[in-house]
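Only this structure's heavy atoms are used, side chains among them; waters, hydrogens and symmetry mates stay out. As the structure lists them, so they are numbered: ligands from 1, and atoms in each ligand from 1. Owing to the predicted nature of the structure, the values given are computational and were not obtained by experimental measurement.
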Amino acid sequence: MKIETQEYKNWSLQEDENNILWLGLNVANVEVNVLSFSVLQELEDIIEKIKADPRYCGIVFISNKASDFIAGADIKEITAITDVNDAIFHMRKTQTLFSQIEALPMPVVAAIDGFCLGGGTELALACHYRLASDERYTKIGLPEVKIGIHPGFGGSVRALRLLGVMQGMAFVLEGRNLDARQAKQLGLVDDVMPLRELRRAAIYTIQNKPKVKKSGLLHQIIDIHFVRNIVGALFKKKLSAKVKIEHYPAPYAVIDNWINVGSLEERAFATEAESVGYLLSTPTCRNLLRVFSLEGKLKAMGKASEFKVRHIHIVGAGVMGGDIAAWCAVHGLRVTLQDPSSKALGSAAARTYELAKKRLKQKHLIQAAMDRLYPDPTGQGIAQAEIILEAAVENLALKQDIFKQIEAKARPDALFATNTSSLPLADIASVLTQPQRLVGLHFFNPVAYMPLVEVVKGKHNDKTITAYAASFVKQIKKLPLLVEDAPGFLVNQIIGGYFAEGFKALCAGETMQDIDAAGRRLGMPMGPLELADQVGLDVCLAVSEHLLAGVADAAQTVLRDKVNQGKLGRKTQQGFYEYAKGKPIRVKFSSDQQKVIALERQLFLGMLNRALLCLDESIVNTVDLVDAGVIFGIGFPPFQGGILQYARTMNKQNLVQELAEYRQMSIQEIEATSAWKQLW
Ligand code: NAD
């Protein structure tokens, strides 16, 4: 019986002259290949037919989409599964399918070009051989822990069987995506080659059947029950230094599953499926799935225009301008960087080199990135760039002056952008003859780690301009969030509440250690004073008037004092903290937990209050966008799903009362606000 190709919506089947069956995936009506229910259903049917007619001398899984193998399961479908038993059923069904592929009598090859993630990697692990193209876009990984689950199609079992316990466990727990060479080094793929040779290599593999790789004796010894108990405890200890079980249960579940049943026996699959079924119902997972969908919403904001940039000119090479220049050069743009300070230009070049080394790894790519960065103290690049971004010091008159000069020299179609943290866009644009050309592009510090960029729309802008700006943000692989012009926009308004409460507590005599411990307890990456050091105390002082409402005077006294002593924070190695080798020297955190808990509540209320005000002022219009802003802009803990989602988990009556006291308003007044109504 010959398998009829036209039967399938997502799979194409081609038998070649060597009797090899090529299973090409091109999921209909979507950008990337995902293992949706219908894709898996079709594959089940195909494998049944192959089993009934084993005349093929080999099977190759390939993708018919450019630069994408299989990006994982269909997250929308997974999110829609709310019943634990339904989830277990789906995992078990897919595990059975993958085991059937593994048991096929002919060699089965995964020929990977592009993203091979999650379920895609699990399918590849069930194949007998894995080959990967060495293209830069090829990435292989099991990132499930990032959405609060772990592999459920047999991946956490097969990864350990293939790579051995130590390496396999690290691969699953870290959820890191590897490039093809790293995957080869780890033993995840058998070989790596240029894309043009991938098909030929698959044929060669099928015809020559090299020995199938398996983990060795050591793996079998470590997988013995009493050894698992000891090694598993060590895994957990190491993991607990990074994440807490109550925040991120999934990686702990991977370790527990292995301790309980190991990876060698068949029942490991059933345990894996049950564990994913349970994890899918946890609040962490639901929140992380929501964060995943928020990320999709922001990405969509960058798709409204085809605007692409080849050359960016950046004015100001300090903390932000220098790092934005580095990021853009590493992401393929020609960058001219202007600053009167040659020291700032030199430091930006050094940081570009460090970033390129970390991200691009290969010498010729690092060199190419360095060649794209041009120190330009006199602003020659202004006349050629498609976008000109100002990131000079936070001073209105200076920024206005810079934009007057830019407008005189720039191409008539160039887009202007400012990275101001707190100055109203309209005030900067007021000196331009064409103010409609200026948008805000507000990057976050540290640029390489914070994915968000606020695209600020002034009253003078139309939608086309902000769509161009959002498209540029997407081009450089950041997440654009469209916000209305207001001092501090969205994210700094909210973080302003965090800073304000931190400074208020400091002025009231609380210790730095307690205040920062409270911020970390809330799940923030840094406490408010550590964060102020990171941002720069001079920048904090400059924005304090706009962002520290209620405590501006007291905070300014503290900040001015530090700035006058030249203690500007991390960049001068002295701020609230002293720094040694780039790390703050701390006194031990307080053991007064009650005090820290009270401070944590204050920091939370400070942010929540501002978040609700932003909704009321329509800086963004939805709870989702507020939460996306705090997660991707300031690192609010993703497992909480964002500040407003976190608030929703609390007792409504208690919260409204606390907020009323905080704002010195009546409960009825709070309840009448549109933000409060949207929240519930
Ligand atoms: P910074 O002090 O580190 O750098 C400012 C740079 O501007 C300096 O290198 C200075 O030499 C240069 N400069 C001064 N006058 C100039 C001129 N006329 N032309 C060109 N360059 C000039 O400051 P920063 O932290 O990089 O902040 C820059 C901007 O980004 C500010 O508007 C700030 O509000 C905003 N911002 C800062 C952060 C942060 O965390 N630091 C975050 C987001 C936005």
Side-chain angles (χ1 to χ4, degrees), residues 313-327 336-351 375-382 388-406 409 417-425 427-428 438 440-456 478 481 483 487-496 498-499 525-526 528 530-548 559 563 566-572 575 629 632-635:
H313 182 83
I314 299 175
V315 183
V319 172
M320 295 305 290
D323 283 357
I324 297 167
W327 184 265
T336 41
L337 182 59
Q338 180 182 356
D339 198 298
S341 155
S342 52
K343 195 168 161 220
L345 290 172
S347 159
R351 272 142 54 209
D376 179 13
T378 54
Q380 301 296 315
I382 295 176
I388 298 150
L389 173 77
E390 170 278 320
V393 280
E394 189 77 340
N395 174 308
L396 179 61
L398 179 96
K399 286 186 193 287
Q400 288 177 329
D401 199 38
I402 288 173
F403 275 108
K404 272 197 262 179
Q405 294 177 34
I406 290 174
K409 290 192 201 164
T418 170
N419 186 45
T420 179
S421 310
S422 65
L423 299 169
L425 195 59
D427 290 356
I428 304 174
L438 178 71
L441 277 183
H442 185 226
F443 286 75
F444 293 86
N445 185 1
V447 174
Y449 295 99
M450 303 316 292
L452 193 79
V453 178
E454 284 175 303
V455 177
V456 186
K478 293 273 177 197
L481 172 60
V483 298
F489 320 121
L490 173 76
V491 175
N492 278 357
Q493 275 279 359
I494 299 175
I495 201 70
Y498 188 60
F499 279 135
M526 292 182 202
E530 297 170 281
L531 185 61
D533 269 359
Q534 170 77 28
V535 169
L537 301 189
D538 51 338
V539 176
C540 288
L541 180 61
V543 304
S544 58
E545 208 178 304
H546 298 292
L547 297 184
L548 300 179
L559 289 167
V563 171
K567 296 183 176 178
L568 306 186
R570 195 176 272 270
K571 60 187 164 187
T572 55
F632 299 117
I634 52 180

Is the shortest heavy-atom distance from the side chain of N492 to the side chain of F499 under 4.5 Å?
-> no

Which heavy atom of the protein is the closest neighbour of atom 10 (C) of ligand 1, given with residue, atom name and distance?
-> D339 OD2, 3.5 Å

Starting from atom 7 (O) of ligand 1, find the nearest protein heavy-atom neighbour and note its residue, name and distance.
-> A392 CA, 3.5 Å

Please could you name the atoms of ligand 1 that K571 approaches to less than 4.0 Å, counting only its heavy atoms?
-> 2 (O), 3 (O)

Between H442 and ligand 1, is there a nitrogen or oxygen pair with a distance under 3.5 Å?
-> no

Evaluate side-chain contact (heavy atoms from CB on, under 4.5 Å) for L537 paired with L541, printing each intermediate quantity in order.
-> CA-CA 6 Å; L537 301 189; L541 180 61; over 6 Å; no

Before signing off on this row, confirm whether A344 and ligand 1 have an N or O atom pair separated by under 3.5 Å.
-> no

Are any of the heavy atoms in E390 under 4.0 Å away from ligand 1?
-> no

Pairwise side-chain contact, T420 with E394, heavy-atom cut-off 4.5 Å (strictly under) | yes

With rounding to the nearest 0.5 Å, note down the distance linking CD1 in I402 to CD in E390.
-> 5.0 Å

Ligand 1 to G316, heavy atom cutoff 4.0 Å, flagged ligand atoms 7 (O), 20 (C), 21 (N)

Report the nearest protein non-hydrogen atom to atom 27 (O) of ligand 1: residue, atom name, distance rounded to 0.1 Å.
-> M320 CG, 4.1 Å

Chi angles and distances behind the side-chain contact (heavy atoms from CB on, under 4.5 Å) call for E454, L490 = CA-CA 8 Å; E454 284 175 303; L490 173 76; 3.2 Å; yes

If we only count N/O pairs under 3.5 Å, is T420 in contact with ligand 1?
-> no

A student comparing L398, V535, V315 should find that the heavy atom closest to atom 15 (N) of ligand 1 comes from L398

Could you check if a side-chain atom of R570 sits within less than 4.5 angstrom of a side-chain atom of V319, using non-hydrogen atoms only?
-> no

So do the side chains of N445 and Q534 get within less than 4.5 Å of each other, counting heavy atoms only?
-> yes

What residue and atom, counting heavy atoms only, is the protein's closest point to atom 17 (C) of ligand 1, and at what distance?
-> I402 CD1, 3.8 Å

The atoms of ligand 1 lying under 4.0 Å from a heavy atom of A391, numbered in the order shown, are 28 (C), 29 (C)

Under 3.5 Å, N or O to N or O, is N419 touching ligand 1 that way?
-> yes

With heavy atoms only and a cut-off of under 4.0 Å, state how F444 meets ligand 1: side chain, backbone, both or neither.
-> neither

What protein heavy atom sits nearest atom 43 (C) of ligand 1, and how far off is it?
-> F443 O, 3.2 Å

Closer than 4.0 angstrom: is that true for some heavy atom of Q534 and an atom of ligand 1?
-> no

Note the single closest protein heavy atom to atom 21 (N) of ligand 1, along with its residue, its atom name and the distance in Å.
-> P340 CD, 3.3 Å

Counting N and O atoms only, with roles assigned by atom type, does the side chain of D323 sit under 3.5 Å from a partner on the main chain of P446, one being a donor and the other an acceptor?
-> no

With side chains defined as the heavy atoms from C-beta onward, is the minimum distance between V535 and I495 less than 4.5 Å?
-> no

Going by the atom numbers of ligand 1, which of them fall below 4.0 Å from some non-hydrogen atom of V393?
-> 2 (O), 5 (C), 7 (O)

For atom 44 (C) of ligand 1, grab the closest protein heavy atom and report residue, atom and distance to one decimal in Å.
-> S421 OG, 3.1 Å

Check whether any side-chain heavy atom of F403 lies under 4.5 Å from a side-chain heavy atom of T418, and answer yes or no.
-> yes

Short list, please: which atoms of ligand 1 are under 4.0 Å from a heavy atom of K399?
-> 31 (C), 32 (O)

For S341, is at least one N or O under 3.5 Å away from an N or O on ligand 1?
-> no

Between atom OG1 of T572 and atom CG of D533, what is the distance when rounded to the nearest 0.5 Å?
-> 8.0 Å

Any I382 side-chain heavy atom under 4.5 Å of Q338 side chain = yes

Minimum side-chain heavy-atom gap H313-I406 below 4.5 Å = no

Is the closest heavy-atom distance from G536 to ligand 1 below 4.0 Å?
-> no

How close does the nearest protein non-hydrogen atom get to atom 23 (O) of ligand 1, and which residue and atom is it?
-> V539 CG2, 4.4 Å

Of all heavy-atom pairs between Y498 and M526, which one has the smallest distance, and what is that distance?
-> OH-O, 2.7 Å

